[in-house]
Amino acid sequence: MAPTGEGVSGALSREPLSSVWLTSTAREVGFHLVGFARAEPIPAAVLVDWLEAGFAADLDWMKERVAEKLDVGVLFPGAKTVVAFACNYYSEGSSSIARYARGRDYHYTLKDQLRAFRRHLKAKFPDVGTYGSVDHGPVMEKVWAARAGLGYVGKNGCLISPKYGSYLLLAALILDTEVDAYAEGPTPDLCGKCSLCIDACPTGALLEGKRVDAGKCLSYQTIENEGQVPEALRAAFEDITFGCDLCQDACPLNDQPVRTEHPRFAPRPVGELGVRELAGLSKEEFKTLTSGTPLGRAGYDGMRRNAAYALGASRDAGARTLLERLSSDSSPVVREAAAWALGRI
Ligand code: SF4
Ligand code: SF4
């Protein structure tokens with residue numbers, strides 16, 4: 001989602017805002033967790049080392065606006081506080097589609113909640129300036145969520161909360177005003193000697209220092225890569241068509257997940273479809289079934305390409321006829337994926 005900044009920073013000195021009021025307002029509009037961090041610069045190494053190592057693959061937006069990412073004061077002059085929000089999206093069930101993507105697109109949901117929060121804030125404190133962001137643009141929500149005490153970043157690269165584990169979606173709101181209580185920083189790191197997420201990752205994308213090599217990560221490959229996926233990674237697509245939950249599902253801190261009560265995260269019928277059904281969808285069916293979900297990001301051809309890889313990865317002999325049909329599809333990426341899959345079964 002594009003940032004929703006207002007860029008209006010009042011120069012007046014004000015009393016710090018009540019963290020109790022802000023917290024109860026955040027809960028009222030639907031956020032499960034909220035915390036407050038001082039708007040201090042982020043050490044450059046947090047982002048720059050990762051970028052320089054080439055781990056951003058071709059996620060060009062990650063490489064842009066680095067100065068603003070590292071200092072919200074550059075992005076929003078006068079910034080004093082970053083309010084971090086999180087929503088638990090966990091729902092049961094297994095699917096080749098990652099949990100977060102089985103319901104309504106979380107960008108809309110979190111953006112709506114952020115908008116509602118700002119409406120309340122503006123009604124009570126009209127001269128407070130704000131800049132909001134949901135998972136895209138120059139705000140590093142995960143860093144801020146950890147700084148604001150919502151959890152800590154685990155070896156799987158996810159924010160892990162003591163209450164909800166890592167099935168969380170994040171948003172942030174920068175304020176040009178102080179609040180009356182700030183978090184002390186991240187919650188204690190509970191990873192210890194555990195390496196279950198690293199062992200569970202089929203592509204070796206999780207690296208030392210809690211870094212993720214985006215180019216090797218199936219979340220990136222299934223969604224952002226519009227071309228052909230490198231052959232070395234395709235065999236890892238088994239039962240994976242959009243996003244990947246393997247390193248979260250392996251985490252013992254997710255052993256007792258809290259089922260979300262949020263209706264917008266409830267899985268839609270597309271989440272019930274098997275890999276063969278996803279591979280065989282018509283364009284019209286795809287449009288109808290994925291409307292309002294994040295699945296449109298992969299696109300019709302991308303989703304069928306992923307499903308063809310998944311059928312090949314699992315050597316699904318029952319999908320032969322379907323794959324033969326797809327191997328003469330009008331889309332080159334689908335054709336090539338189907339031919340690769342046929343070669344494996
Ligand atoms: S999302 Fe999947 S591919 Fe990416 S790091 Fe986790 S287990 Fe590996
Ligand atoms: S699986 Fe283990 S190492 Fe990985 S994030 Fe969870 S607790 Fe940490």
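Predicted, not measured: the structure shown is a model, and the values here were computed from it. Because only heavy atoms are used, hydrogens play no part in the values below, and waters and symmetry mates are left out as well, while side chains stay in. Order of appearance sets the numbers: ligands from 1, and atoms from 1 within every ligand.
When ring centroids are compared, His262 and Tyr89 stay outside the 6.0 Å threshold. If you look at Phe117 and Phe85, their ring centroids are closer than 6.0 Å.
The single protein non-hydrogen atom nearest to atom 6 (Fe) of ligand 2 is Cys251 SG, 2.3 Å, given as residue, atom name and distance. Looking only at protein heavy atoms, the nearest one to atom 8 (Fe) of ligand 1 is Cys201 SG, 2.3 Å. Ranking protein heavy atoms by distance to atom 3 (S) of ligand 1, first place goes to Leu218 N, 3.1 Å. Shortest contact from atom 2 (Fe) of ligand 2 to any protein heavy atom: Cys194 SG, 2.2 Å.
The Leu206 neighbourhood of ligand 1 comprises atoms 5 (S), with distances under 4.0 Å to a heavy atom of that residue. Every atom of ligand 2 with a heavy atom of Ile160 under 4.0 Å away is listed here by number and element: 5 (S). The distance from ligand 2 to the heavy atoms of Asn156 drops below 4.0 Å at these ligand atoms: 5 (S). For ligand 2 and Lys155, the ligand atoms under 4.0 Å from any heavy atom of the residue are 3 (S), 5 (S).
Looking at Asn254 against ligand 2, nothing comes within 4.0 Å, counting heavy atoms.
Remark: among candidates Cys217, Cys247, Ala250, the nearest residue to atom 4 (Fe) of ligand 1 is Cys217, based on non-hydrogen atoms.
Between Tyr100 and Asp105, the side chains place no donor N or O within less than 3.5 Å of an acceptor N or O (distance only, hydrogens not considered).
Taking the ring axis of Tyr300 as reference, the NZ or CZ atom of Arg304 stays within 45° of it and closer than 6.0 Å to the ring centre.
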